[in-house]
2 protein chains.
Amino acid sequence: MAGRNLVGPAADALDLGAVFRALADEHRRSVMMELAADRSDSERGCNSFDLPISKQTQTHHFRVLREAGLIDEIDYGNRKGIRLRRADIEKRFPGLLTLLGAESPGGTAPR
Amino acid sequence: MAGRNLVGPAADALDLGAVFRALADEHRRSVMMELAADRSDSERGCNSFDLPISKQTQTHHFRVLREAGLIDEIDYGNRKGIRLRRADIEKRFPGLLTLLGAESPGGTAPR
DNA sequence: CTTCAAGTACGACTTGCATCGTACCTGAAG
DNA sequence: CTTCAGGTACGATGCAAGTCGTACTTGAAG
């Protein structure tokens, strides 16, 4: 089977609140950082991120990212593909993906 | 009295996770949008935002914004001033404030 | 002094969310 | 067919967060 694309919001319908809520979680942010760092935007297996959480929780996180419009999920039945919606994100929120690369400069916030 | 500045994290210590968590809330995001839209960055009274929530909850939200490093709070005792940390934010997360203006779909985005 | 408005501190309540256990589905390989 | 690994569905649980009520503090104005 060709694998059908699980639906997310249209590019123009991306909600900033949903995006920020999605990126508020550390695990989801690490996934997005990896995706943003790969400029080829190739499809990745969803267990290629080495997340230290159970697979049910991973399913949940990918679902949140998809519903926020940040990734596409391609369902193959017994496996799943993940692809960054770079063009849509850049169109709607230019600079957001670049921001993800500005993670921790080394300083841990006191207090 | 001069009013002392309540402390937040240093510019280099701004944490992207804390920032996204802060901006995930609709009320805090509306405050930040108003602040970002005013290019003069003048100090504002913290009840000038017309938030539909109690003052205790407002105190909570401004505290979250301050601890995320997004605003300064100036304590005058029986009133409080709010000021956007625009320079620090732009230095650490360039483009973030511009993103807040992209809220409405349909092209508020400059370019 | 007293009064008053703005803000905070503390606690309680409620909702949302991240997490996982169990059971089930799907497709590929024997 | 059966087996197996990857993924999902549903529910339960624990914790973080948003909200507000009560009481207190602060500084200004009478």
Side-chain angles (χ1 to χ4, degrees), chain A residues 1-8 15-33 35 43-83 109 111, chain B residues 1-8 15-33 35 43-83:
Chain A
M1 272 315 204
R4 67 190 188 82
N5 196 329
L6 297 179
V7 294
D15 176 58
L16 192 56
V19 168
F20 280 145
R21 271 189 299 274
L23 295 177
D25 183 85
E26 189 181 358
H27 296 134
R28 290 193 293 261
R29 208 164 58 247
S30 76
V31 167
M32 289 300 296
M33 282 172 54
L35 289 172
E43 185 178 320
R44 294 187 53 168
C46 66
N47 56 354
S48 68
F49 295 95
D50 211 34
L51 297 173
I53 50 181
S54 69
K55 54 181 185 174
Q56 308 98 295
T57 305
Q58 293 189 32
T59 295
H60 164 69
H61 285 313
F62 286 121
R63 178 190 178 94
V64 172
L65 288 176
R66 172 174 56 86
E67 291 182 343
L70 296 175
I71 64 171
D72 280 329
E73 291 183 291
I74 300 95
D75 183 17
Y76 296 103
N78 67 341
R79 67 193 174 86
K80 195 171 58 177
I82 302 294
R83 196 185 304 115
R111 158 182 251 284
Chain B
M1 228 85 71
R4 65 190 188 84
N5 196 330
L6 299 178
V7 294
D15 176 58
L16 191 55
V19 169
F20 280 144
R21 271 190 299 274
L23 295 177
D25 183 85
E26 188 180 0
H27 296 135
R28 290 193 293 261
R29 208 164 57 248
S30 76
V31 168
M32 289 300 296
M33 283 172 52
L35 289 172
E43 185 178 319
R44 294 187 51 168
C46 67
N47 56 354
S48 67
F49 295 95
D50 210 33
L51 296 173
I53 50 181
S54 69
K55 55 180 185 175
Q56 310 97 295
T57 305
Q58 292 189 34
T59 296
H60 164 69
H61 285 312
F62 286 121
R63 178 190 178 94
V64 172
L65 288 176
R66 171 174 55 85
E67 292 182 341
L70 296 175
I71 63 172
D72 278 328
E73 292 183 289
I74 300 95
D75 183 17
Y76 296 102
N78 67 343
R79 64 191 175 89
K80 194 172 57 177
I82 302 294
R83 195 186 301 115

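Residue numbering restarts at 1 for every chain, and letters A, B, ... go by the order of the sequence lines. All values derive from a computational prediction rather than experimental measurement.
- To the nearest angstrom, P of C:dA6 lies 18 Å from CD1 of B:Ile74.
- Across all strands, B:Lys80 comes closer than 4.0 Å only to sugar-phosphate atoms, never to a base (heavy-atom distances).
- Smallest separation of non-hydrogen atoms from A:Leu23 and A:Arg29: O-NH1, 3.0 Å.
- Applying the 3.5 Å distance criterion, the base of D:dG21 shares a donor-acceptor pair with the side chain of B:Gln56.
- Closest to the A:Glu73 side chain, of the nucleotides C:dG7, D:dT26, D:dT8, is D:dT8.
- Heavy atoms only, all atoms of each residue included: A:Gln58 and A:Leu51 are closest at NE2-O, 3.7 Å.
- You'll find that the side chain of B:Thr59 is closest to C:dT8, out of D:dG6, C:dT8, C:dA6.
- Expressed to the nearest 0.5 Å, how far NE2 of B:His27 lies from CD1 of B:Ile53 amounts to 5.0 Å.
- Distances shorter than 4.0 Å separate none of the side-chain N or O atoms of B:His60 from OP1 or OP2 on C:dG7.
- For B:His61, the side-chain atoms get nearest to D:dG18 when compared with the rest of D:dG18, D:dG7, C:dA6.
- OP1 or OP2 of C:dA18 has not a single side-chain nitrogen or oxygen of A:Thr57 nearer than 4.0 Å.
- Regarding B:Lys55, its NZ atom lies at a distance of 12 Å from the C1' atom of C:dA9, rounded to whole Å.
- In the displayed structure, A:Glu26 atom CD is contacted under 6.0 Å by at most 12 heavy atoms of other residues, nucleotides or ligands.
- Nucleotide C:dC20 holds its C1' atom 11 Å from the CD1 atom of A:Ile53, rounded to whole Å.
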